[in-house]
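A note on names: the letters A, B, ... follow the listed sequences, proteins ahead of strands, and every chain is numbered from 1.
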Amino acid sequence: AHYENEAPVKAKRSKADHAGEEVVYHPVKLSRNDLYRPPTAEELNQLKEAESLFHCSLLKMQMEELLKEVALSERRKRQIDSFIQTVTKLIQTVPDSPEVEVSDLSWLSGAVKVPFLLVPKTTKGKFHMAPPSSIDLIGSYPLGTCTKPNVMVDLAVTIPNDVLHPKDVLNQRYPRKRALYLAGLAQHLASSSDIGTMQYSCLHGNRLRPVLLLTPPGKDSSSFTLRVHACPAPGFFKPSRFHPQRNNIRTEWYTGLQTSQSGKISSEPPTPHYNSSVLGDLLPRAHLQFLSAVSSQCSAFTDGVALLKVWLRQRELDQGTGCFNGFLASMLLAYLLITHRISNSMTAYQLLRNALNFLASTDLTVNGISLAKDPDSTAVKFHDAFQVVFVDPSGHLNMCADITACTYKQLQHEASLSMQFWDNPTVDGFQCLLMTPKPMIRTSDHVFQLCELVKLQSSCKKLNLLSELMDHSGDYIHTALPFILSLLQQGLSQRIHLLTHSLSPDPKWSVESEAPKHKAQPPLSFGLLLRAELSSTVLDRGPPADSPKAAEFRQLWGPRSELRRFQDGDITEAVLWHGESICQKRLVPKQIITHLLQLHADIPESCVRYVGAMVDDVIKTGSEESLVVVQSYDDLSRKLWRLEGLPLTITAVQGAHPALRYTQVFPPRPLKLEYSFFDREKTSRSLVPKEGKPCPVYITPITVICHMEGSGKWPHDRLAIQHIRAAFHIQLGELLRKHHNYTCRPCPTHLDVWKDGLVFRIQVAYHREPQVLRESLTAEGLLVVRDNDEAQALEMATIHKPLLTSTLHGLQQQHPCFGAACRLVKRWLSAQLFSDDITEDTADLLVASLFLQPAPFTAPSSPQVAFLRFLHLLSSFDWRNNPLIVNLNNQLTAVDYTEIKNGFMATRESLPVMFIATPKDKKLSMWTKRSPSIQMLQRVIMVAAESLKVLEHQLIDGSQKQDVRVILRPPLEAYDVVIHLNPKQVPLLDQAVDPPAITFSRGVMSGSAAQPGGPLPVIDYNPVSLYLGELREAFGDLALFFCDPCGGTVITVLWKPKAFIPTPFKTSQVSARSVEVTGDETKTVPNVEAILEDFRIMGKGLVKSVEARTEKWSF
Amino acid sequence: MAPSKKKHAKNQACVIPGGFTVLSLQFSSDSAARHSLYVKEHRVRAERSSHRPLDRTLFVLNIPPYCSEDVVKDLFSQFGSVQSVELRDHPGSSQESGPKLSKFFKPAEKQGFKVGYVVFQISSSLPAVKSHPHDVPLVVCTEHRPVKTGLQKWIQQYTNSFIQPEQLQQKVDSFMEDYDKRKEEEAERQKKEAEEEQEDEEGWVKVTRGHKGTKARPHSEAANQRTLQREITKKKRKELLNFYTWQHRNTQKEHIAELRKKFEEDKQRIALLRAQRKFRPY
């Protein structure tokens, strides 16, 4: 018993100790005594249970903890209750006022405005203020399903019957009276000091249903909001008047025009949305009763609703106009309980699962469901009037009246995705279902916004939507929205999986100001989930010209549709979009959208803000160039295979360079050189850089590994292997020159081949060489095998890199935007000066993980969304406590996952800070072994989070100054020394983030690539990297050096604080240090002045100036 | 500059505790800042190396990366003619083993600060160095001895990096010839030893200790490991498990200890998650 009590106390104490700093997992250390003490029977039982139940109960425990986080505390509930009491008392004392015409607002003092858009201006009826006949709690709070954050408590104030008239249903009379009543309440409450802030809003964005938002005074003001609804007494209006086919708004009144058939009700259009908005006010008490009854039957009901609400909220589906809110979630669970799809005894976990399963499999846009007693007769009549149907227990109200078909499809899509993740043992279901937010900008491949919403007014006119506009009481945005959605759906059809749209947030305004106009809301955003293989085709092929469907096709596309003859002889209608490069092709959806909106909805192109590819501009073109490189490589590979006359045969030719997997930021381009620009090296027919000229163009050698057959002829000695390899390089070069006239340059380590204006660097490899490097003889003649850096580096270069290259090449074939995503990511890394810490291979692996394990999203289909998710992954992943598992080729099973995780936990301390496991590397994370260091990782995480914030803001908010390159300009304030380079000598200058104003001639001629032969160009000569290398070798233990390899013109230096602590004189530690003698003691400190001088000397000709930020130095 | 140096009078050598003399060095005559070289006569008890004679060798610390062996040789020639200069990354005895490599196959040198061993022709040069005044700097790059750095150096490096395939082939051939010869000799020797171990006419076998690594049977760590493993399994097979009561009790005890440990670990994992607030969804 002592043992059981002890542990939690310990845990608590350690928690307190770690408050503020990062909490880390330490392997448990129990003393011998603790471990081997004789157990009690009770303890034995507990141990056995824990052993068998731990894994299945983990999810349960996680959900319980989550529920604790969102539930309201007792303290909060007490606050709420007391505030409700105060408000109730205040409202009950609202004074009477004399009866006036509805349009007469003289009884209101000017300080409070009526929360209503008076369109048309007048309506008939009389109004007076009177104390409410009752005040009741409704909604989630009394039901117990109210959750944090945004705690909203609903209070229904019943308007006394004598204020209303049964005929008030007509022509917005009732909604206007309700607004007046609210204004009366607001005026009364305004004088009280017990109310903190007071605002108007409207329920689910419906302007006919204004509400009053009250917050408590003082510091609690943000902890919850009281929402006051004004309602008629239950049953005041006859429900049958609100049948979806009935009309309650007369055209004559609405338009103000006398029509010839005035008085004939039969010809009036039905007003289902208006009807349901009035009906919604009659029923909340009945709904609360119904739900309470259901909830009392099922103990896990409230928890189930809370989980479902969290799930909805993470997907941004629970708020705004046409949302699937908490009320609908409760009703859905009630429906499942009543229809016995779930049983009363199920847990919250099972309720969530069944609800998602139901949503995923049931299409409410076709087969609506009903809670009414005789469902058959009710559900059908609603389908004509509404897109999504879920009828309430009374059988009169469609609770999903405002939901668009697209939103429901999105809900279904999310539900089925969630079910997939839940059933996948390799995915952390809890994390991706309930913990990860899915904002539209990070979920959808392309996003566009409609900016000037006022233009939708003309769309309504163009689409001929007068009766719908009447039904929506003049809300032209939500009148036009469903039509625009269906138009886009039709136009994009095969190109997209899903079309989603943002839900307009509920407007809020102060009681002293007029209700905001419809156009005042933020822009509407639309999200596209693209079908990778079809989204960028430039041709939309329609039906044959003579088929009856042709007319429909022509109607949809208008003048863009034309008759075309195809190779197979068919003559069909077709639309051809612009798009030469891959980059342009990605934007075909944009062309379609702007064309359709202009043609059918009268929305000019200027109103459409397309943010699908705003960031792509940074990497320009390049996908095509990668293709050229790969083709040239394939050709070389074939030629190598066919070579004859080698003493050993070639067993494999493998690419080992990012350009060969489409992920090189700026892939090499075939070049034609201007020979006069260079000096010549006579003996070897080679070009060399000329002094005094700008640095020549940088030519990247593209690494190709060429494996030779294993044979007894290979020596078993490291030096001998090196020499044999050199001989192979010479011989390969000789053969390539003889047969194909390529200029070659053999070296002991590689062979450079100048081919098609590109340089390939062939390295001959022998598969047993790493083994030979590992073997050594001890003094006693014992053969020992010891792993060493040399062998690892060789294995990395000749085995792992080629394998990674071919695997990722395969991934590119499955996901066409993988390469572009990697390039974008690496451009960001290099611009932020991180490319030495997060290496190219690591970055490619991280991006690959986004494609292989996209949960909770789907695999990205645009580079931009992949980039956003990369930034999110970097900044939010718990690198300390979790391994990132990249399941290349899907080789890992659930068992492997557990094995990797356990291995990781057991040896965390000795593993790299950023741990990436792949099928071929489960235990060591070889790609991240050297870098990043913990400090650099922290900085990367910080910068990634900041970049993500800035970028998302830029993309979402069109009103900001548009410059996505902000995230590519690193702050230089943090560094101690900044070395400015002479742009003339930076060969990759034109890759810089901000292209320079002046360009330098670098010895390149325009035109197609050179013919085979000719002198060897200057290969791999980059003064910047040579300089960096020298700096790091000389001063690596005193400072860190950073540079953007893609055209950066500064090198930034950060002193290592440790190196600046005075240390005693030691012969092994005096590099670049000066001595200070005090008495007998000799201490050394870095000789900073001489070091700065060395920066200039070593970079003579390259360095423009060395800027020392001495004011920052603290030693 | 470091204030400590001001204490010394002009035109005097600066000797710091530890016996090192400080010499200042600047890149060119108009350089503003100076590095300090720390020099001392080379004195190591264990070393009896012929190319670092104790009385004539100067040990130099902190030689900047732009000073090549030639430059250092030139710099110290003002104190007496220099026989040889050896630059190294770290102080330590010289060790060169294996066959002599051509320059093409030598691993790339590190370009950092170096330590040097300067061997003078005559031993009287050492005191001359040690009495050199610290405020008269050695100058690396002068008019008659230009030292290339930066762009000039890299261009030169690039130009010098070309290797004639014929030369390379020649080097490879000569190395391999040498290698084959060594292998042959090795094989010859082994053969001879094997012959010696044969019975002679009278049935005697001559047993020798043999040279390094010439044991007849496979002699490697892996083989040793395998043999050991075989022994252990053989032993295990004979052993009785859970036969005696104490053995049985021990097994149970171990099992419970294991359970306890796992239980504790799980608990800690959950506590950790809770402490990190990993359950707050937004």
Discussion item. Looking at chain B, which one of A:Gly733, A:Ala720, A:Pro715 has the largest number of heavy-atom pairs inside 4.5 Å, strictly under?
Written reply: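 Most heavy-atom pairs under 4.5 Å with chain B: A:Ala720.
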
Worksheet entry | Among A:Glu691, A:Lys68, A:Gln431, residue most engaged with chain B (heavy-atom pairs, under 4.5 Å) |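 Result: the option with the highest number of such pairs is A:Glu691.
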
To the nearest 0.5 Å, what is the distance between [atom1] on [X] and [atom2] on [Y]?
| X | Y | atom1 | atom2 | value |
| --- | --- | --- | --- | --- |
| B:Tyr38 | A:Thr1067 | OH | OG1 | 12.5 Å |
| B:Phe105 | A:Arg725 | CZ | CZ | 9.0 Å |
| A:Leu719 | B:Asp178 | CG | CG | 11.0 Å |
| B:His35 | A:Ile1091 | NE2 | CD1 | 6.5 Å |
| A:Glu681 | B:Asn160 | CD | CG | 8.5 Å |

Worksheet item: Is the count of non-hydrogen atoms from other residues, nucleotides or ligands lying under 6.0 Å from B:Gln157 atom CD greater than 12?
Response: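 For B:Gln157, atom CD is crowded (more than 12 foreign heavy atoms under 6.0 Å).
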
Worksheet item: Are more than 12 heavy atoms from other residues, nucleotides or ligands located less than 6.0 Å from atom CD of B:Glu258?
Response: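 No, the 6.0 Å shell around CD holds no more than 12 heavy atoms from other groups.
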
Worksheet item: Hey, are A:Arg1096 and B:Ser31 close enough side-chain-wise for a donor-acceptor pair under 3.5 Å?
Response: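 No, because no side-chain N or O of B:Ser31 sits under 3.5 Å from a partner of the opposite role on A:Arg1096.
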
Worksheet entry | Modelled atom types, side-chain donor and acceptor of A:Gln985 and B:Trp154, under 3.5 Å |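 There is no such pair (donor and acceptor under 3.5 Å, judged by atom type) between the side chains of A:Gln985 and B:Trp154.
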
Heavy-atom donor-acceptor pair, [X] side chain to [Y] backbone, under 3.5 Å:
| X | Y | value |
| --- | --- | --- |
| A:Tyr1027 | B:Leu151 | no |
| A:Glu1033 | B:Gln111 | yes |
| B:Thr149 | A:Ile1097 | yes |

With a 4.5 Å cut-off on side-chain heavy atoms, are [Y] and [X] touching?
| X | Y | result |
| --- | --- | --- |
| B:Pro65 | A:Met1098 | yes |
| B:Tyr158 | A:Leu1026 | no |
| A:Ile724 | B:Met176 | yes |
| B:Phe113 | A:Asp1094 | yes |
| B:Gln169 | A:Glu734 | no |

In terms of heavy-atom proximity below 4.5 Å to chain A, should [X] be classed as side chain, backbone, both, or neither?
| X | result |
| --- | --- |
| B:Lys153 | side chain |
| B:Phe162 | both |
| B:Tyr179 | side chain |
| B:Ser28 | neither |

Discussion item. Using heavy-atom distances under 4.5 Å, tell me whether A:Asp717 contacts chain B through its side chain, its backbone, both, or neither.
Written reply: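 Both the backbone and the side chain of A:Asp717 come within 4.5 Å of chain B.
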
Worksheet item: Between A:Leu687 and chain B, which part of the residue has a heavy atom less than 4.5 Å away: side chain, backbone, both or neither?
Response: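 When you check distances to chain B, only backbone atoms of A:Leu687 fall under 4.5 Å.
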
